[in-house]
**Q** 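Before I ask anything, here is the structure I am working with.
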Amino acid sequence: MIDLAALRADPDFFKQAWAARGVTVDLAGLLQADEGIRLQKHSAEQKKAEQNQASKNIATLAKAGGDVASAKEAARRLGDEAAVIDRDREQAEAALHQQLLVLPNLCLPSVPVGPDASANRVAGEWGTKPTFAFTPKAHWDLGPALGIMDFERATKLSGSGFVVLAGAGARLARALGQWFLDTHVDVHGYTELAVPYLVTAQTMQGTGQLPKFADQLFACKDDPLLLIPTAEVPVTNLHAGEILDAKDLPKRYTALTPCFRREAGAAGLGTRGMTRVHQFDKVEIVWLTRPEHSEADLLTVRGHAESLLQQLGLHYRILELCTGDTGFGSAKTYDLEVWSPGTNGWLEVSSCSTFGDFQARRANLRFRAPGADGKAGKPQFLHTLNGSGLALPRCLIAVLEAYQQADGSVLVPPVLRPYLGGLERIIAR
RNA sequence: GGAGAGGUGGCAGAGCGGUUGAUCGCGUCGGUCUUGAAAACCGAAAGGCCCGAAAGGGUCUCGAGGGUUCGAAUCCCUCCCUCUCCGCCA
């Protein structure tokens, strides 16, 4: 949610920032609605102030034994008048609120301006593309051949867009998740959380999935709960409505959860294999931090995700998303894309973003820092960040394809072997 | 799912329908005292919004939403949550 007071103060700034994202907003309409609401609020409050005063007078008058009938009538009228104005105002406010909820965040000045993904900037590259003395296979051939990946039976169970992992494949996926989590906790210093996978609509609104992206969420039939599309949702909302102490910031959490995504609009999911599925596991890292640190913290988050890819020995590149490709709530995003030799393309395995105070406003995430005078300062919105660290299926794909051998077997990256009981090579069986 | 109890400020816990946005205590912060600390004493301290350059003024908030009333933390209704007991269950 954007700051309405800031919009009021400098509409042109917002207009330009939204234009950079390719969004046109009816600023005049917003400001007019805002102005009207504030006028209504003021006049209703004046009526209420008069009514409150009248009520006090009635109390003293009644104690003195006077006749209060006409005073009551006058007070009632004031109350009724205030109620009429309030009703109108509440309607206008709700309408304005709905408009604000679907407005995207502004990008930071450092974000490259551009219309779409073609304008994203490659901000770095690590490692080199592996070379093969044979033609490397794609994971959708490799996996089934090794007996560790079963698309047909998954379709039987759940329809298209699902996968069953078996044997060493299932264990390799689990190994990735465990190792990601352990690294974040033991090396990077995160606090691990195990969170609900079903959350309320309000929680979804806090991080920005609702109301705009309702068609991407799985919902329960008989309960008002929704399946999380990422751990970002429950983790970022963990402290919703709270005022945190500045000395407790930054809060740094990590969690491994399944992610459920309808991928509506991606006809047939658009891709073969398990690059895009309705359910996948992901380790997420989330920061709640002080506003002045958030842009620097974003690089730290990205670094934590990168270190995993480096230790896995996977070639990857860093994309700095342009204004037109930056997600709805994000102020700045880096994507990490890993090289997939089997498909000769890049796979997004991580997206690291700072949201500024956009989510904090929605979820009412605040902190209190000591003021200049040493006294407790006013509560203020904190900043939220998150990054995938990392998404499991595409890492699994990259590992299988990059570590495949001429005989169809796959070497296990050394860093994962302890999690696979020492297994060094996955062989068809 | 059934029965009962309850939801008040960081915590604990009062609160006849009328200066109660809220007693007291603990904790927190500032100060006095002290070499320093503790103790003691003094003092400060909820949040949102509106008007205002500011000073200040106003309004709303005692789980949420409605209702009764001139006036609701206090009365009524609905919902949510917590606790205890029972049932079911990984």
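Here is how names work: the chains are called A, B, and so on, in the same order as the sequence lines, proteins then strands, and each is numbered from 1.
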**Q** Side chains of A:T326 and A:T323: any donor to acceptor distance under 3.5 Å?
**A**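 Side chains of A:T323 and A:T326: no pair found under 3.5 Å.
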**Q** Tabulate atom names and distances for all N/O pairs under 3.5 angstrom spanning the protein and nucleotides 62-69 of chain B.
**A**
none

**Q** Taking the side chain from A:Q404 and the backbone from A:K137, do they hold a donor-acceptor pair closer than 3.5 Å?
**A**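 Checked: pair present.
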**Q** Write down the distance between CD1 (A:I37) and C1' (B:C51), rounded to a whole number of angstrom.
**A**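 Those two atoms, CD1 and C1', are 16 Å apart.
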**Q** Between B:A22 and B:A54, how far is it from one P atom to the other, in whole Å?
**A**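 It works out to 25 Å between them.
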**Q** Nucleotides 71-80 of chain B: which of its N/O atoms have a protein N/O under 3.5 Å away?
**A**
unit_1: B:G71; atom_1: OP1; unit_2: A:Q51; atom_2: NE2; d: 3.4
unit_1: B:G71; atom_1: O4'; unit_2: A:S55; atom_2: OG; d: 3.3

**Q** Counting runs of three or more consecutive pairs, Watson-Crick or G-U wobble, with each distance below 3.5 Å, where are the stems of RNA chain B?
**A**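 RNA chain B stems, ordered by first number: B:1-7 with B:80-86, B:28-32 with B:40-44, B:46-51 with B:56-61, B:63-67 with B:75-79.
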**Q** Provide, to the nearest angstrom, the distance between the CG atom belonging to A:L78 and the P atom belonging to B:G58.
**A**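 From A:L78 CG to B:G58 P: 16 Å.
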**Q** Could you tell me whether A:E306 and A:R302 make a salt bridge, using a distance below 4.0 angstrom between a side-chain N and a carboxylate O?
**A**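 Judged by the 4.0 Å cut-off on N to carboxylate O distance, A:E306 and A:R302 do form a salt bridge.
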**Q** Do you see a donor-acceptor pair shorter than 3.5 Å between the side chains of A:Q279 and A:S158?
**A**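 Their side chains do not contain a donor-acceptor pair, so the 3.5 Å distance test is not met.
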**Q** Less than 4.5 Å apart, any side-chain heavy atom of A:V283 and any of A:W179?
**A**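 Heavy-atom side-chain distance check fails, nothing below 4.5 Å.
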**Q** Between the main-chain N or O of A:I285 and the side-chain N or O of A:R252, is there a donor-acceptor pair closer than 3.5 Å?
**A**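 Flag not set: sc A:R252 to bb A:I285 has no pair under 3.5 Å.
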**Q** At a cut-off of 3.5 Å, list every protein nitrogen or oxygen paired with a nitrogen or oxygen from nucleotides 6-9 of chain B, distance to 0.1 Å.
**A**
none

**Q** Could you measure between the two P atoms, the one in B:C11 and the one in B:G2, and give it in whole Å?
**A**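 Rounded to whole Å, the distance is 31 Å.
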**Q** At under 4.0 Å between heavy atoms, what does A:A59 touch on the DNA or RNA strands: base, sugar-phosphate, or nothing?
**A**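 Base, at least one base atom sits under 4.0 Å.
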**Q** Test of understanding: with side-chain contact (heavy atoms from CB on, under 4.5 Å), list the residues that count as partners of A:E81, not counting sequence neighbours.
**A**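 Once residues adjacent in sequence are excluded, the partners of A:E81 under the side-chain contact (heavy atoms from CB on, under 4.5 Å) criterion are A:K47, A:R77, A:L78.
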**Q** Between B:A5 and B:C77, how far apart are the two P atoms, rounded to whole Å?
**A**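 Between the two P atoms, the distance is 13 Å.
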**Q** Thinking salt bridges, do A:E320 and A:K332 make one under a 4.0 Å N-O criterion?
**A**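 Yes, charged N to carboxylate O under 4.0 Å.
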**Q** Expressed in whole Å, how much space separates the C1' atoms belonging to B:U61 and B:U74?
**A**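 Nearest-Å result for B:U61 against B:U74 at atom C1': 16 Å.
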**Q** Please state how far atom CD in A:Q53 lies from atom C1' in B:G18, giving the value in whole angstrom units.
**A**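 Result: 13 Å.
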**Q** Distances under 3.5 Å only, N/O to N/O: pair up the protein atoms with those of nucleotides 47-50 of chain B.
**A**
unit_1: B:G47; atom_1: OP1; unit_2: A:R368; atom_2: NH1; d: 2.7
unit_1: B:G47; atom_1: O3'; unit_2: A:R366; atom_2: NH1; d: 3.0
unit_1: B:G48; atom_1: OP1; unit_2: A:R366; atom_2: NH1; d: 3.2
unit_1: B:G48; atom_1: OP2; unit_2: A:K378; atom_2: NZ; d: 3.4
unit_1: B:C49; atom_1: O2'; unit_2: A:K41; atom_2: NZ; d: 2.7
unit_1: B:C50; atom_1: O2'; unit_2: A:H42; atom_2: ND1; d: 3.4

**Q** Rounded to whole angstrom, note down the P distance from B:C60 over to B:G7.
**A**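 It comes out at 24 Å once rounded to the nearest Å.
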**Q** Could you give the distance separating B:U20 and B:G9 at their C1' atoms, to the nearest angstrom?
**A**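 My reading of the C1' atoms in B:G9 and B:U20 gives 13 Å.
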**Q** Between B:C51 and B:A40, how far apart are the P atoms? Round to whole Å, please.
**A**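 Taking atom P in both B:A40 and B:C51, they lie 47 Å apart.
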**Q** State, without any angle test, whether A:T207 and A:Q209 hold a side-chain donor-acceptor pair at a distance under 3.5 Å.
**A**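 There is such a pair (donor and acceptor under 3.5 Å, judged by atom type) between the side chains of A:T207 and A:Q209.
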**Q** Grab the NZ-C1' distance between A:K56 and B:G17 for me, whole Å please.
**A**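 Roughly 16 Å, once rounded to whole Å.
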**Q** B:A53 and B:U35: how far apart are their C1' atoms, nearest whole angstrom?
**A**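 Straight-line distance between the two C1' atoms is 49 Å.
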**Q** Counting only heavy atoms not in A:E292, do more than 12 fall under 6.0 Å of its CD?
**A**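 Enclosed.
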**Q** What integer distance in Å separates A:D67:CG from B:C70:C1'?
**A**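 Atom-to-atom, A:D67 to B:C70, this comes out as 13 Å.
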**Q** Decide if atom CZ of A:R153 counts as having more than 12 heavy atoms of other residues, nucleotides or ligands within a radius under 6.0 Å.
**A**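 Check fails, neighbour count at 12 or below.
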**Q** Could you tell me if the side chain of A:Y403 sits less than 4.5 Å from the side chain of A:I426, heavy atoms only?
**A**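 Heavy-atom side-chain distance check fails, nothing below 4.5 Å.
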**Q** Hey, would you say the A:F328 and A:F358 ring centroids sit under 6.0 Å apart?
**A**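 Between A:F328 and A:F358, the centre distance is under 6.0 Å.
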**Q** Closer than 3.5 angstrom, by distance alone: can the side chain of A:N105 be matched with the main-chain N or O of A:G329 as a donor-acceptor pair?
**A**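 Yes; judged by distance alone, with no hydrogens or angles, the pair exists.
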**Q** Ignoring hydrogens and geometry beyond distance, is a side-chain donor-acceptor pair present between A:T384 and A:Q359 at under 3.5 Å?
**A**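 A donor-acceptor contact under 3.5 Å links the two side chains.
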**Q** Would the distance check show the side chain of A:R368 and the main-chain N or O of A:I243 forming a donor-acceptor pair, the cut-off being under 3.5 Å?
**A**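 Answer holds: no.
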**Q** What's A:A49 touching, base or sugar-phosphate or nothing? Going by heavy atoms closer than 4.0 Å.
**A**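 Counting heavy atoms under 4.0 Å across all strands, the contact made by A:A49 is with sugar-phosphate only.
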**Q** Backbone N or O of A:L382 within a donor-acceptor pair of the A:D357 side chain at under 3.5 Å?
**A**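 It does not hold such a pair.
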**Q** Tell me which of A:E50 and A:A62 sits closer to the 5' end of RNA chain B, going by the nucleotide each one is nearest to.
**A**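 Counting from the 5' end, the first nearest nucleotide belongs to A:A62.
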**Q** How many Å lie between CZ on A:F367 and P on B:G10, as a whole number?
**A**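 Rounded to the whole Å, the gap is 18 Å.
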